[in-house]
Amino acid sequence: MIELALLLQEGSTGDPTGLGIFRFFAAFFLIMTFYISFLGFTYWISKDE
Amino acid sequence: MPIGNLDVPIIGKNVVIATLVQTHILFAAFIIGAVLIAATSEYLGMVTKQPNYERFARNLARFVVLLFASGAALAITFVLALVTLFPVFFSILQNIFFWVFLVEAFMFLGQIIIVYAWYNVWDKLAYRKSLHVVFGFIAGFFGLMAMTMIDAVASFMLTPAEVESQAELVARSFLNQTMVPLNMHRFIGNFSYAGFLIAGWGAWRYLRTSREDEREYYDWMGHFGLIWGFGFLIMQPVIGYGYLKGIRESAPESFNTIMLGDKAWVFNLLVFWIAVLSIASTAYFVHKLRFAVRPMETLRKLAVGGLGFTALFTILNIIPADADLIPQIGLSFLGGEETKIPLGSMYPWKYIGLIGLMLVGFFVIALYLRATASGFHWGRASRWSQYALMSCAFFVVLTMVTMGYTRETARRVDNNPGYLINDCVTLSQEITPESCPTKPLSEAASE
């Protein structure tokens, strides 16, 4: 996977590492997970009316 | 005792901060926007005597009270993570912004107290409604002040103030070059973001319920949320332009990175999300005009024209400047950066696109508000119009995280080095006195 990511960025000027690309998507995944979970939980505790 | 340079395995410490802050902002922005929308709705309910406003305001206030726990927990976890993972950087911020942080803490406290009081005395103050509405607005005011304080810090990180002496450090750092435009951008953004989420939620509930009175209420909620969402969205291009102008003048390398350089794709992504928001909102308005109590066929035809122009201007905004789309993952074609796309240039096409989008937006929402004045037949909206609202809620979240990423990544430029405080403190928490415009900070490093 990292080889693929490195291959894909050949010739790029930004030059992030494979780990950097992984971390970008890891952060996005974590943000969405926390956000949806907390919103869902808040809805769940509030829908008792 | 030396300060440890802690790291987090696998994901790294930058991801920890990004995750906590971005999630916190998604809640905090919603809470500030929602409190002010709910207070306005309560006021409208008091004036017009229409029960939807009151019901909506109360339910939203209840949701905000419950959601406050998540937003606050993330904020405090973020501060803990910042102190642990970036102790030197945090210490520098504390030295410059002690008073700002102190004021923010009290604004936050004030917001909690008043929001809880506002919700809890809803029945008790039922016969003193004006006073109760004021509670809601004061809660919103405290939230805005807390946001203003942290905006001073966030804007300083990108455009540190030019400060010559210790005496002017606090005031100049607070009112740094991009503080006011950032604060305006976020002030307007809170309403738009909360409005779109409310619209999406209304649409979801509308599709799920089978009771006629509930369908009418949630249909109305989708409409009400979208007026806030789209109404404030169309102000953003001008304010966002002001903010970018500030960045261009004070941090030109950062501006070039996010607008013309390696990270220009984040801006293309952003205008793509805005294109979806604009087209979906305008399409919803066109659809809704069919259900006006007083038939308004001319208005509807004009709105259809507006939809066409919206699509045209959004396409103009999306076209990239060159064929080097996302260099970081090798997404470039036809010679990459060398191949310029004529319609993708900032001047004049992007300006035409953004100004056109705003003008058409104002035109369409004016038509819609004109129809709103005489009312709609609620509960008859089609399924796809509700999907349009739900897609707005989804894409506004993407807009928020993309904008957050854009602002923070602007300080990295070429990562040689990336900065925590632009030109002053690197990502490895080292002060760079030679490039830092904030002289007291440079002097502290050399002592």
Side-chain angles (χ1 to χ4, degrees), chain A, chain B residues 8 10-27 30 58-60 62-71 73-74 77 197 201 204-205 257 261-265 324 326-332 336-337 397-398 400-402 404-405 408-409 412-416:
Chain A
M1 187 66 195
I2 287 179
E3 278 104 353
L4 175 67
L6 289 170
L7 185 71
L8 282 172
Q9 49 166 310
E10 260 187 5
S12 82
T13 45
D15 199 27
T17 60
L19 188 62
I21 293 174
F22 162 74
R23 284 176 173 175
F24 175 88
F25 287 105
F28 182 70
F29 173 76
L30 286 171
I31 291 163
M32 288 298 126
T33 308
F34 282 157
Y35 183 51
I36 293 165
S37 315
F38 289 7
L39 267 186
F41 175 73
T42 307
Y43 168 63
W44 181 66
I45 59 173
S46 73
K47 70 173 185 177
D48 193 18
E49 255 184 38
Chain B
V8 178
I10 305 173
I11 56 172
K13 56 184 179 180
N14 292 331
V15 168
V16 173
I17 300 293
T19 304
L20 293 171
V21 177
Q22 285 258 26
T23 322
H24 165 69
I25 286 300
L26 288 172
F27 288 118
F30 177 77
R58 191 165 184 164
N59 283 339
L60 188 55
R62 182 164 185 270
F63 190 72
V64 164
V65 164
L66 293 170
L67 197 63
F68 221 105
S70 298
L74 283 161
T77 316
L197 284 190
W201 174 248
W204 168 254
R205 297 294 299 165
T257 305
D262 291 338
K263 296 283 176 69
W265 58 268
D324 205 19
I326 309 179
Q328 285 82 9
I329 58 167
L331 193 61
S332 58
E337 208 178 347
V397 174
L398 292 184
M400 291 283 285
V401 292
T402 308
Y405 176 74
E408 299 305 301
T409 203
R412 283 181 177 259
V413 188
D414 53 3
N415 266 331
N416 188 27

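Each chain gets a letter, A, B and so on, in the order its sequence line appears, and its residues count up from 1. Scope of the values below: all heavy atoms of this structure, side chains included, with no hydrogens, waters or symmetry mates.
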Query - Residues in ring pair (Phe, Tyr, Trp, His ring centres under 6.0 Å) contact with Tyr35(A), at least two apart in sequence or another chain - result: Phe27(B)

Query raised in the report: Measuring heavy-atom distances to chain B, does Phe29(A) have an atom under 4.5 Å in its side chain, in its backbone, in both, or in neither?
Result: neither

Query - Max heavy-atom pair count under 4.5 Å with chain A, selected residue of Ala69(B), Ser70(B), Ala73(B), Gly71(B) - result: Ser70(B)

Requested in this report: Starting from the C-alpha separation in whole Å, work towards a yes-or-no answer on side chain to side chain donor-acceptor pair (under 3.5 Å) for Thr409(B) and Lys263(B).
Outcome: CA-CA 8 Å; Thr409(B) 203; Lys263(B) 296 283 176 69; 2.8 Å; yes

Requested in this report: Select, from Thr19(B), Val16(B), Val15(B), Ile10(B), the one with the greatest count of heavy-atom pairs under 4.5 Å involving chain A.
Outcome: Thr19(B)

Report task. Measure distances from Tyr405(B) to the heavy atoms of chain A and classify the residue's part below 4.5 Å as side chain, backbone, both or neither. Result -> side chain

Query raised in the report: For Leu74(B), is it the side chain, the backbone, both, or neither that has a heavy atom closer than 4.5 Å to a heavy atom of chain A?
Result: side chain

Query raised in the report: Would Tyr43(A) and Trp204(B) count as a close aromatic pair, with their ring centres under 6.0 Å?
Result: no

Query raised in the report: Any side-chain heavy atom of Val401(B) within less than 4.5 Å of one from Met32(A)?
Result: yes

Query raised in the report: What residues, two or more places apart in sequence or in another chain, satisfy ring pair (Phe, Tyr, Trp, His ring centres under 6.0 Å) together with Phe63(B)?
Result: none

Report task. Give the ring-plane orientation class for Phe34(A) versus Phe38(A), where under 30° counts as parallel, over 60° as perpendicular and anything between as tilted. Result -> parallel

Query - Part of Leu197(B) within contact of chain A (heavy atom distance under 4.5 Å) - result: side chain

Report task. Please look at Ile25(B) and chain A and tell me whether the side chain, the backbone, both or neither of the residue comes under 4.5 angstrom of a heavy atom of that chain. Result -> neither

Report task. Using non-hydrogen atoms and a 4.5 Å limit, figure out which bit of Phe28(A) sits close to chain B: side chain, backbone, both or neither. Result -> side chain

